There are 2 protein chains.
Amino acid sequence: MSLPHAILTALLEKPSSGLELTRRFDRSIGYFWSATHQQIYRELGKLEQAGHIRALPAPVPSRGQKKEYEVLPAGRAELTDWVRRAEDPKPIRDALLLRLRAAAVVGTEGFADELRRHLALHRTQLDEYRDMEDRQFPPERRTAEADRLRHLVLRGGIELERFWTAWLTEALAEFDGRDGPTNC
Amino acid sequence: MSLPHAILTALLEKPSSGLELTRRFDRSIGYFWSATHQQIYRELGKLEQAGHIRALPAPVPSRGQKKEYEVLPAGRAELTDWVRRAEDPKPIRDALLLRLRAAAVVGTEGFADELRRHLALHRTQLDEYRDMEDRQFPPERRTAEADRLRHLVLRGGIELERFWTAWLTEALAEFDGRDGPTNC
DNA sequence: GATCGTTATGCAACTTGTTGCACAAGGGGT
DNA sequence: ACCCCTTGTGCAACAAGTTGCATAACGATC
């Protein structure tokens, strides 16, 4: 039940069209809650029907025309309520950890390469986050409440990627140390 | 596409019935890939149809009777293939980070309590993992390849929970430091 | 011997996320 | 005038995950 709330947040930060939202999801918000343009359009439709958002009056209301949405009071109320609600963390669902466990059963051939590949990906992401931190949150921008909170969210992303790079390094040391892909 | 592979792994580690699998998912494997008994039964059906597993011959094949499954060669082959396949890490989907970002827009009232609640939950999970580590992987059990890999998986869980407790502590310091729930 | 809790399997309906494709408008090139 | 590319919206079908409930065997207990 988080996608509609992610959209409401994004629209409160700045009213947008479906495609603009999609792009913003690919950049900032999507780092913590990704979504395809399909999901977004479908959800925009539902949110509009529910009276949480509305399309800004457009000159030519037809297909293939940009449609901007803004949040209505009911939408803001729903979002506020969601933030206040208690919600337990969901258990981890991570395919790589699972695959490593499977590898313990069926053999680890080629798995070190996959770990290296993931390590490279996470390092890239980590660098990107750090760039964002430098650009969007220089020390003087860390006084306003809202900025400090957004910075905290980004810190979460950074620390998460740090966790992955650290764990993958540890795992590779294990693989390279003892060496040799072992077949079951 | 990971649940069937999680089940194959579990069944290779030990042939089981649906309910036994469900319980094992609640304990070990489910820490990295959770599933309800519904998903498991449905997936067992599909795996059987696909010829990846088979039900061990039971004396009384009727409803309400335990049915044990074992992995067939085709199932093992499929699992091996999955472990070897390259698969990119999925983007994070975390509701708490998202909610914090929403809180930056609609106000943080009561959010510190929610952070404290999550911190407590993650600390509990961390302790549980550490107990598991002590019990299942004492130093002398860390020589066999398969054990070392399973230990590595558990280390992943531990470091992840460590990340959360650290980040939540940081976040709470931010909240308590400046103090006072601020309404938008 | 009727009822009740536990173990065990499963159906049906629903929500959420993914994939592939269709449709429409407008601009640029040839 | 025609084609192609980009921007933009959207349907349809499917896959995966969730929730609520039904069914059946088995042992205990009153």
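Predicted model only: the values in this text are computed from it and were never measured. Just so you know, these numbers use all the heavy atoms, side chains as well, and skip hydrogens, waters and symmetry mates.
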Could you state the atom-to-atom distance from [atom1] of [X] to [atom2] of [N] in whole Å?
| X | N | atom1 | atom2 | result |
| --- | --- | --- | --- | --- |
| A:Leu19 | D:dC5 | CG | C1' | 15 Å |
| A:Leu98 | D:dA16 | CG | P | 14 Å |
| A:Lys46 | D:dG10 | NZ | C1' | 15 Å |
| A:Phe25 | C:dT18 | CZ | C1' | 16 Å |
| B:Met1 | D:dA16 | CE | C1' | 10 Å |
| A:Glu43 | D:dC11 | CD | P | 14 Å |
| A:Glu68 | D:dT7 | CD | P | 17 Å |
| A:Gln39 | C:dG20 | CD | P | 15 Å |

Below 4.0 angstrom from OP1 or OP2 of [N], is there any side-chain N or O of [X]?
| X | N | value |
| --- | --- | --- |
| A:Arg93 | D:dA16 | no |
| B:Tyr41 | C:dT9 | yes |
| B:Lys67 | C:dG10 | yes |
| A:Gln38 | C:dT18 | no |

Polar pair under 3.5 Å, donor/acceptor by atom type, side chain A:His37, base D:dG8: no
Distance-only donor-acceptor test, A:Arg42 side-chain atoms vs C:dT15 base atoms, 3.5 Å: no
Start at the 5' end of DNA chain C and walk down; is the nucleotide closest to B:Glu20 or to A:Ala35 reached first? B:Glu20
Side chain of A:Trp33 - closest among C:dG17, D:dG17, D:dT19: C:dG17
Charged N-O contact under 4.0 Å between A:Arg23 and A:Glu20: no
For residues A:Leu121 and A:Arg117, determine if any side-chain heavy atom of one lies less than 4.5 Å from a side-chain heavy atom of the other. yes
Validation row: A:His122, A:Leu126 side chains within 4.5 angstrom (heavy atoms): no
Whether B:His37 and B:Tyr41 hold their rings parallel, tilted or perpendicular, with breakpoints at 30° and 60°: perpendicular
Scan A:Glu133, A:Gln136, A:Arg141 and name whichever one has a side-chain hydrogen bond (donor to acceptor under 3.5 Å, both in side chains) with A:His151. A:Glu133
